[in-house]
Asker: 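Take a look at the following structure, please.
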Amino acid sequence: MEAESEPYVRLASLRQLHQVMADMNTARSLADTLQTVADGVVQALGYELACVNLVRPDGDLVVAAFSGNPAAEALITGRVGSRESWERRLGMGEHWGDLVFIPHTEGWVLDDDDVPQWYTDGPAPRFEDEWHPSDRLFAPMYTPAAPGGGSCGELIGVLSVDRPRNGRRPGAWGREALQMYAFQAAIAISNARLRANMQRALVRLEREQQALRASEESFRQAFEYAPSGMAIAEMGGDQHGRILRTNDALCRLLGRPASAMRRYAFSDLVHPEDIGTLLRTSAEGGRAELRLGRRDGTYVWVSLRNSVVADAADGPRFLLTHVEDIEERKRRELQLAHRASHDSLTGLPNSAELRARLSSRLCQRPTQAGALESVDAAYGHPLHDTGGHGFDFRPGTETYDAYDHHVHTVAPEGDRDDGAKGLAVLFCDLDGFKSINDRFGHNAGDAVLIEVARRLSGGVRDGDTVARLGGDEFVVLADGLGRADAQDLAVRLRNEIIQPIRVDGRAMRVGASFGIGWAHCGMTADEVLKSADERMYVEKRSRPKQHRRAG
């Protein structure tokens, strides 16, 4: 910019200054903006050299752009000066408004600091305002001040200029033009940084969106094409548990189309006995084994595993449910359990299962001292016997019955039928069975046992138990019978057993002896069975030998 007669500024110079300022604000990147700032000083402000020192995040300043001398540019671009050294420079010399001028008479003290700088050669000044090669002129660049925050904002960089083309120190207009240029350069750099940050944010956002889309597509494919059942259900609110989405595997497993599945909640499909298990699993997440209803009305055993899909703001939102068909495994488990509790030949409950069923109906009445001792331990203070089965707490008058949860099993008293009903235990021993084994072999004997088991099972009520105790001994548990009822049942079963049994074309006969015992609380299962066994032997001995068997 021409400045020989500063009241008069060429219109071309103003146009040139306006153009470089426009170029600063239209640069495409931060690096382009910094270089445009440096070039603008040389092109429009009449200086031969210009350097842009940019503040880094750590506070030090780096040479970010240089213009006017390729050799000097290669020498110092990218070098860093400490913030402390720069603050020292900006605090000394002459202050021309926001500009800092350090004449060569003072600048020699800065020759050894760590601020990158260049050296120019030239003759000593011949007149007062002539520029000396060692003179330094800095234009600090500040962010625009916030309202009420003072005249300037935060330092973002410093413009260093050197060697005015007219060889003189800038006058009033030159100083104001450089100061104005630094202000506009600060705005352009701030805007360029903002654009760069926005561009980086947009790039990150786009990458995140791409990753999210890829993740959603991966989830969709994993969900849709999973070999086992998958479902998404609502969590919380009035529609808790309602199925929102299912995959093909779950639809095939339950025989229901996807459109129909969306009309249900899992609670609508689960077996009534498993509803508690489902509710606990749905509320807490985790795994459970339960039965789900098929369209044809049957149920299938599944392993159901829930995962809670949470929303950072709103908390749990959905349940992701994995449903695996375990029908075959459950079938094998039931078979194994059945084999463990049932006789392999006849399919009847075995001795262990018989004793378990019988024991489940009986309670052992503890002695009074034992009851008091156990309840004392449970409640932490002694109880007082009130007579009968009750104990009262001290202090207080609350009554505790150790058996208030149990319906006692009682037996009819005496030998006469007084109308009382109880749990009858019929002990059955076959007569003449050994001779069948001896004459026809064990295969024939097994066939006879199987048929006897079938006849016993067909002669009792639903809910009664027929068990094989071992060998040719069977036991029937029939609840709710009086003495006459139990005797009638024994007669009917005996009459069924003595009918001919055909094995390999032969008609075979066995007899049966029954002993009737009665179960009541206070007895053990073995005591009940022993009582019925003894009565059976009494009955067997009381009958003539020819009536015990039929061959």
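All residue numbers refer to positions in the sequence shown, counting from 1.
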Asker: Check whether Arg88 reaches the backbone of Leu110 with its side chain - one donor and one acceptor, N or O, closer than 3.5 Å.
Answerer: no
Asker: Side chain to side chain contact (heavy atoms under 4.5 Å, CB included) between Leu269 and Arg256: does it pass, once the steps are laid out?
Answerer: CA-CA 11 Å; Leu269 302 173; Arg256 303 174 187 269; 3.8 Å; yes
Asker: Can we say Glu289 and Arg329 salt-bridge, meaning some charged N sits less than 4.0 Å from an Asp/Glu carboxylate O?
Answerer: yes
Asker: Go through the steps to decide whether Leu45 and Val161 satisfy the test side chain to side chain contact (heavy atoms under 4.5 Å, CB included), and finish with yes or no.
Answerer: CA-CA 10 Å; Leu45 296 182; Val161 300; over 6 Å; no
Asker: Kindly indicate whether the side chain of Met230, heavy atoms from C-beta on, has any atom under 4.5 Å from the side chain of His322.
Answerer: yes
Asker: Does some side-chain heavy atom of Met141 sit less than 4.5 Å from a side-chain heavy atom of Val52?
Answerer: yes
Asker: So, for Leu90 and Val100, which heavy atoms are closest and what is the spacing to 0.1 Å?
Answerer: O-CG2, 3.7 Å
Asker: Please name all residues satisfying side chain to side chain contact (heavy atoms under 4.5 Å, CB included) with Asp325, sequence neighbours left out, ordered by chain then number.
Answerer: Leu253, Val300, Glu327
Asker: Scan residues 62-74 for pairs that pass salt bridge (Lys or Arg N to Asp or Glu O under 4.0 Å), counting only residues two or more places apart or in two chains.
Answerer: none
Asker: Residues in side chain to side chain contact (heavy atoms under 4.5 Å, CB included) with Glu353, at least two apart?
Answerer: Ser341, Pro349, Asn350, Arg357
Asker: Using the salt bridge (Lys or Arg N to Asp or Glu O under 4.0 Å) rule, collect all pairs that involve residues 31-52, keeping only residues at least two apart or in two chains.
Answerer: Glu48-Arg163
Asker: Taking the side chain from Asp98 and the backbone from Gln179, do they hold a donor-acceptor pair closer than 3.5 Å?
Answerer: no
Asker: Do Leu178 and Leu137 pass the side chain to side chain contact (heavy atoms under 4.5 Å, CB included) test, and can you show the C-alpha distance, the side-chain angles, and the key distance before you say yes or no?
Answerer: CA-CA 10 Å; Leu178 179 58; Leu137 180 57; 3.7 Å; yes
Asker: Could you tell me the separation between the OG atom of Ser85 and the CG atom of Asp114, rounded to the nearest 0.5 Å?
Answerer: 3.5 Å
Asker: Determine whether Pro257 and Arg295 make a side-chain contact, defined as any pair of heavy atoms from C-beta on separated by less than 4.5 Å.
Answerer: yes
Asker: Judged by atom type as modelled, is there a donor-acceptor pair below 3.5 Å linking the side chain of Asn247 to the main-chain atoms of Gly229?
Answerer: no
Asker: Taking all atoms of both residues into account, what is the closest heavy-atom pair of Gly293 and Leu254, and its distance?
Answerer: O-CD2, 3.9 Å
Asker: Go through the structure and list residues passing ring pair (Phe, Tyr, Trp, His ring centres under 6.0 Å) with His338, not counting sequence neighbours.
Answerer: His342
Asker: Write out all pairs satisfying ring pair (Phe, Tyr, Trp, His ring centres under 6.0 Å) with one or both partners inside residues 186-205, taking only residues at least two apart or from two chains.
Answerer: none
Asker: Show the nearest heavy-atom pair for residues Leu290 and Thr277, with the distance to one decimal.
Answerer: CD2-CG2, 4.4 Å
Asker: With sequence neighbours excluded, tell me which residues meet side chain to side chain contact (heavy atoms under 4.5 Å, CB included) with Arg245.
Answerer: Arg220, Phe223, Glu224, Ile232
Asker: Let me confirm one number: the CD1-CZ distance from Ile102 to Arg89, rounded to the nearest 0.5 Å.
Answerer: 6.5 Å
Asker: Could you walk me through whether Cys51 and Leu49 pass the side chain to side chain contact (heavy atoms under 4.5 Å, CB included) check?
Answerer: CA-CA 7 Å; Cys51 175; Leu49 300 175; over 6 Å; no
Asker: Which residues satisfy the ring pair (Phe, Tyr, Trp, His ring centres under 6.0 Å) test with Phe138, sequence neighbours excluded?
Answerer: Trp86
Asker: Which pair of heavy atoms, one from Met261 and one from Cys251, lies closest together, and at what distance?
Answerer: CG-SG, 4.3 Å
Asker: Can you give me the closest heavy-atom contact between Pro140 and Ala182, atom names plus distance?
Answerer: O-CB, 3.9 Å
Asker: Are the side chain of Tyr181 and the backbone of Val37 linked by a donor-acceptor contact shorter than 3.5 Å?
Answerer: yes
Asker: A side-chain contact here means heavy atoms from C-beta on lying under 4.5 Å apart; do Val41 and Ser67 qualify?
Answerer: no
Asker: Looking at residues at least two apart in the chain, or sitting in another chain, which of them share a side chain to side chain contact (heavy atoms under 4.5 Å, CB included) with Glu84?
Answerer: Ser82
Asker: Quick one: are Ser190 and Ile156 in side-chain contact, heavy atoms under 4.5 Å?
Answerer: yes
Asker: Taking atom CD of Gln210 as the centre, does the number of heavy atoms from other residues, nucleotides or ligands within less than 6.0 Å exceed 12?
Answerer: yes
Asker: Within this structure, what is the CZ-CG distance for the pair Arg200 and Leu205, rounded to the nearest 0.5 Å?
Answerer: 15.0 Å
Asker: Per the salt bridge (Lys or Arg N to Asp or Glu O under 4.0 Å) rule, what does the pair list look like for residues 262-278, sequence neighbours excluded?
Answerer: Glu273-Arg291, Asp274-Arg291
Asker: Once you round to the nearest 0.5 Å, how far does CZ of Arg305 lie from CG of Leu320?
Answerer: 9.0 Å
Asker: Is the number of heavy atoms from other residues, nucleotides or ligands within 6.0 Å of CD (Glu234) greater than 12?
Answerer: yes
Asker: Please collect all ring pair (Phe, Tyr, Trp, His ring centres under 6.0 Å) contacts where either partner lies in residues 53-78, sequence neighbours excluded, each pair once.
Answerer: Phe66-Trp118
Asker: Can you name the nearest heavy-atom pair linking Gly78 to Val62, along with the distance?
Answerer: O-CG2, 3.5 Å
Asker: Looking at residues at least two apart in the chain, or sitting in another chain, which of them share a ring pair (Phe, Tyr, Trp, His ring centres under 6.0 Å) with Phe101?
Answerer: Trp96, Trp131
Asker: Run the salt-bridge test on Arg136 and Glu106 with the 4.0 Å N-O cut-off and return the result as yes or no.
Answerer: no
Asker: Please examine the side chains of Leu54 and Ile189, heavy atoms only from C-beta on, and report whether any two atoms are closer than 4.5 Å.
Answerer: yes
Asker: Distance from Asp60 atom CG to Arg79 atom CZ, nearest 0.5 Å?
Answerer: 13.5 Å
Asker: With a 3.5 Å distance limit and no angle check, can you tell me whether Asp129 reaches the backbone of Arg169 through a side-chain donor-acceptor pair?
Answerer: no
Asker: To the nearest 0.5 Å, what is the distance between OG (Ser160) and CG (Leu61)?
Answerer: 9.0 Å
Asker: Does the pair Arg213/Glu217 count as a salt bridge with the N-to-O cut at 4.0 Å?
Answerer: no
Asker: Hey, does Leu30 have a side-chain heavy atom less than 4.5 Å from the side chain of Arg195?
Answerer: no
Asker: Would you say Leu304 and Asn306 make side-chain contact, with heavy atoms under 4.5 Å?
Answerer: yes
Asker: Under a 4.0 Å threshold between the charged nitrogen and the carboxylate oxygen, would Arg294 count as salt-bridged to Asp296?
Answerer: no
